[in-house]
Amino acid sequence: MIAFCLICSAGKLMAQEWYIYPRGTQSRWIDLENKMGRQGQGGLENKGAKGHPSEWLAPGDSLVLMDYEGTGMIRRIWATVIDRSPAALQALRLKMYWDHSPEPAVNAPLSDFFGVALGRMTAFESALFSDPEGKSFNSYIPMPFKVAARIVLVNHSKVKQLVFYDIDMLKLKKLPRHFLYFHAYWHESAKGVLGQDYVILPEVKGRGRFLGANIGVRTDSVYQNTWFGEGEVKVYLDGDRQHPTLAGTGTEDYIGTAWNLGTFAQRYQGCTIADKKKGIYAFYRYHIPDPIYFRKACRVTIQQIGGGGREQIRQILKDGGRLKVVSVMSDTALIKILEQPQFPAVTDDRFPKDAWTNFYRLDHYSSTAYYYLDQP
């Protein structure tokens, strides 16, 4: 069936056939040629001949991309800037406010918000985002609001940026009674605690839906060429504390692939960067066909666990690397070392020599988590 999607009252996606006219709906484009999205008020400057397609954004300044009063739903956002280096992109901060809330529902670096982890642009397409030719940003996430929407771009860099953008929305008479507000949470790790999970989404309270995340990892060179991605994603739902309701089996497992991770881009899962020499990875997973709903609260983490051989681990320890062995894969089973305190240490020659060994480690993580919540 040819269809597009609207948010329904339960926070689910409802198919709408292309040839059915939705009552009480008007199309609007918010950009520099018509910042308020008013009827018949587009392209007024320079007698309509490309009078205001872009603006320069000076260091320390902010640019209001959208300041709309009324009920509506953003359906697509496109943007590009002249300096697309990782440092410049991550110094641009995108903020979104719904219904006059004083706190932003979205507060993230421009590139990271659009699914480009670590600010490293590469051509890809997913169900939520795309980066055609590695030059621009597109979002297709529905973002409903009841009375107002305000989007601001802040330049925290030391260079000016030339900004182009377009926000496509529907002007609506009303929204479903139980609609949810879109949010995005960006986070990066400082020096963490060995054995402590990296937080993708801190606990948010309310009723909503976790949409997924994009994650970037810069591995610490002290771990040499050992694998970083044995950590499991955990989703704590509705009062979970010590143990989660949802637990995965490994990092590359979470994005639907397997060992020896390479690059790929699919609708709901992908890996846009897998640079083994530099130890840089970027990947995503979006829970669209497999929704994650919560009634009271949600928190999402990923373990910082990697793997390698005994001799590699011994060398890491000699080089001053921080690690803690947690398990060993034998020919027949997984030996759970944390449940066997008498098991030989990795420095002991009785420790299995050729077995795959999992260990806690500390790398640099950054992530953008996307979710809907019943408050703005």
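Note: hydrogens, waters and symmetry copies are ignored here, and every other heavy atom, side chains too, is used.
Between the side chains of S157 and N155, a donor-acceptor pair is found at a separation under 3.5 Å. Inspection of the D363 and T219 side chains reveals no N or O donor paired with an N or O acceptor under 3.5 Å. Between the side chains of D240 and T245, a donor-acceptor pair is found at a separation under 3.5 Å. In this model, no donor atom of one side chain and acceptor atom of the other lie less than 3.5 Å apart for Q375 and H183. Donor-acceptor pairing under 3.5 Å is recorded for the side chains of Y140 and S130.
Y185 and H187 have tilted rings, their planes meeting at an angle from 30° to 60° on a 0 to 90° scale. The aromatic rings of F228 and Y281 lie tilted to each other, with the angle between the two planes from 30° to 60°.
Checked against a 6.0 Å centroid threshold, the rings of Y370 and Y372 do not count as neighbours.
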Side-chain donor-acceptor pairs under 3.5 Å in residues 253-266, sequence neighbours left out?
{"from": "D253", "atom 1": "OD2", "to": "T249", "atom 2": "OG1", "distance (Å)": "2.6"}
{"from": "Y254", "atom 1": "OH", "to": "H287", "atom 2": "NE2", "distance (Å)": "2.7"}
{"from": "Q266", "atom 1": "OE1", "to": "Q269", "atom 2": "NE2", "distance (Å)": "3.2"}

Show me the donor-acceptor pairs, under 3.5 Å and distance only, between side chains in residues 42-49 and residues at least two apart or in other chains.
{"from": "E45", "atom 1": "OE2", "to": "H52", "atom 2": "ND1", "distance (Å)": "2.8"}
{"from": "N46", "atom 1": "ND2", "to": "A49", "atom 2": "O", "distance (Å)": "2.9"}

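Judged purely by atom type and a 3.5 angstrom limit, R361 has no side-chain atom pairing as donor or acceptor with the backbone of G306. N214 contributes a side-chain N or O that, together with a main-chain N or O of D112, makes up a donor-acceptor pair within less than 3.5 Å. Side-chain N or O atoms of R84 include one that pairs as donor or acceptor with a backbone N or O of V81 at under 3.5 Å. Judged by distance alone, with hydrogens and angles left aside, the side-chain atoms of N358 form no donor-acceptor pair with the main-chain N or O of G307 at under 3.5 Å. The backbone N or O of G206 sits nowhere less than 3.5 Å from a side-chain atom of D374 that would complete a donor-acceptor pair. With W56 contributing its side chain and K160 its backbone, the two residues share no donor-acceptor pair below 3.5 Å. Within the 3.5 Å criterion, the main-chain N or O of L362 finds a donor-acceptor partner in the side chain of Y223. E125 places no side-chain N or O within 3.5 Å of a backbone atom of P132 that could act as its donor or acceptor partner.
Screening residues 270-287 for salt bridge (Lys or Arg N to Asp or Glu O under 4.0 Å) gives R285-D290 as the qualifying pairs, with residues at least two apart or on separate chains.
Here the side chains of F179 and M73 are not in contact, with every heavy-atom distance at 4.5 Å or above. Residues Y293 and L237 are not in side-chain contact: their nearest non-hydrogen atoms beyond the backbone lie 4.5 Å or more apart.
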Worked verdict on D349 versus R314 for salt bridge (charged side-chain N to carboxylate O under 4.0 Å, His left out): CA-CA 11 Å; D349 286 341; R314 287 180 175 181; 3.0 Å; yes

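Legend: residues meeting salt bridge (Lys or Arg N to Asp or Glu O under 4.0 Å) with D61, ordered by chain and number and at least two apart, are absent. Applying the side chain to side chain donor-acceptor pair (under 3.5 Å) criterion to R299, with sequence neighbours excluded, gives no partner residue. Judged as a ring pair (Phe, Tyr, Trp, His ring centres under 6.0 Å), and not counting sequence neighbours, the contacts of F343 are F351.
Using a cutoff of 4.0 Å between basic side-chain nitrogens and carboxylate oxygens, K296 and D238 are not scored as salt-bridged.
Each of D166, V152, L94, D31 was evaluated against L65; a single residue qualifies, L94, per the side chain to side chain contact (heavy atoms under 4.5 Å, CB included) test.
In this structure, K35 places its NZ atom where more than 12 heavy-atom neighbours from other residues, nucleotides or ligands lie under 6.0 Å away.
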